[in-house]
Every structure is written in structure tokens, then in C-alpha cells.
> 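Structure incoming, see below.
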Amino acid sequence: PRRSVRYDLYTTHEPGVFEAMALVHSRIRRIVFGVVNQEDGGLGGTTMAIHSLPGTNHHYRAFRCAPENPLLSSILDNQY
């Protein structure tokens, strides 16, 4: 499909500002991430919440999965 309104994104780390805006343009439905991006987090972790800016034409929901979640822990442990 042309737009991703039915898609969810699951990622280990919070997207940066540029990636968060790209998700606005792709019209994703929601994102679930685990680790906060301390440098340039775009979902409200440290800088700004791009997904809920009032001037954008699309908003998506963002959820942070607890780092102590066993599934997320096993994924993070296996990164190289």
C-alpha cells in the first residue's frame, strides 16, 4: 500500500528526530521501542515528541517497552 496506516513498528531503540518525522510521513499506526535515545530521541524520550506535534497532518502512538521485559532483554543481549 501507498501509506502504512495499518502498520506497527517494533524496534529496540527510540528513533531519532529524523526517523520519527519519516514515520509521520509514512503514516505508521504505532511504534513500540525499548531503549530511550539519549542523544536525539524523537518520541519524547529526551528531546521532543515528533509524533504528537500539533502542526503535523498525521499522528501515531508511541509506546516504550520496559527494558526489563524478558523479550527485549534477550534481543539487546544478542546484538553485535
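Since the model is a prediction, treat every value here as computed from it, not as a measurement.
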> What is the minimum heavy-atom distance between Ala20 and Gly42, and which atoms define it?
CB-O, 3.7 Å
> Kindly compute the distance separating CG (Asn37) from NE2 (His13), expressed to the nearest 0.5 Å.
8.0 Å
> Do Leu23 and Leu53 belong together in a cluster built from hydrophobic side chains that touch within less than 4.5 Å?
yes
> I need the Ile31 CD1 to Cys65 SG distance, nearest 0.5 Å.
12.0 Å
> Return the set of residues passing side-chain hydrogen bond (donor to acceptor under 3.5 Å, both in side chains) with Thr56 (not counting sequence neighbours), or none when no residue passes.
His59
> Using side-chain hydrogen bond (donor to acceptor under 3.5 Å, both in side chains) as the criterion, list what pairs up with His58, not counting sequence neighbours.
none
> Please check: side-chain N/O of Glu14 versus main-chain N/O of Gly34, any donor-acceptor pairing under 3.5 Å?
no
> Distance check, rounded to the nearest 0.5 Å: Asp8 atom CG versus Arg61 atom CZ?
10.5 Å
> Could you tell me whether Phe18 atom CZ has more than 12 heavy atoms of other residues or ligands within 6.0 Å of it?
no
> Which distance, rounded to the nearest 0.5 Å, do you find between the OH of Tyr60 and the CG of Leu43?
4.5 Å
> Please assess Val32 against Thr11 for the test side chain to side chain contact (heavy atoms under 4.5 Å, CB included), listing each intermediate value before the final yes or no.
CA-CA 6 Å; Val32 178; Thr11 181; over 6 Å; no
> Can you tell me how far the CZ atom of Phe33 sits from the OH atom of Tyr10, to the nearest 0.5 Å?
14.0 Å
> Between Tyr7 and Arg30 (side chain of the first, backbone of the second, donor and acceptor by atom type, cut-off under 3.5 Å), is there such a pair?
no
> Starting at CE of Met48, measure out to CE of Met21 and round the result to the nearest 0.5 Å.
8.5 Å
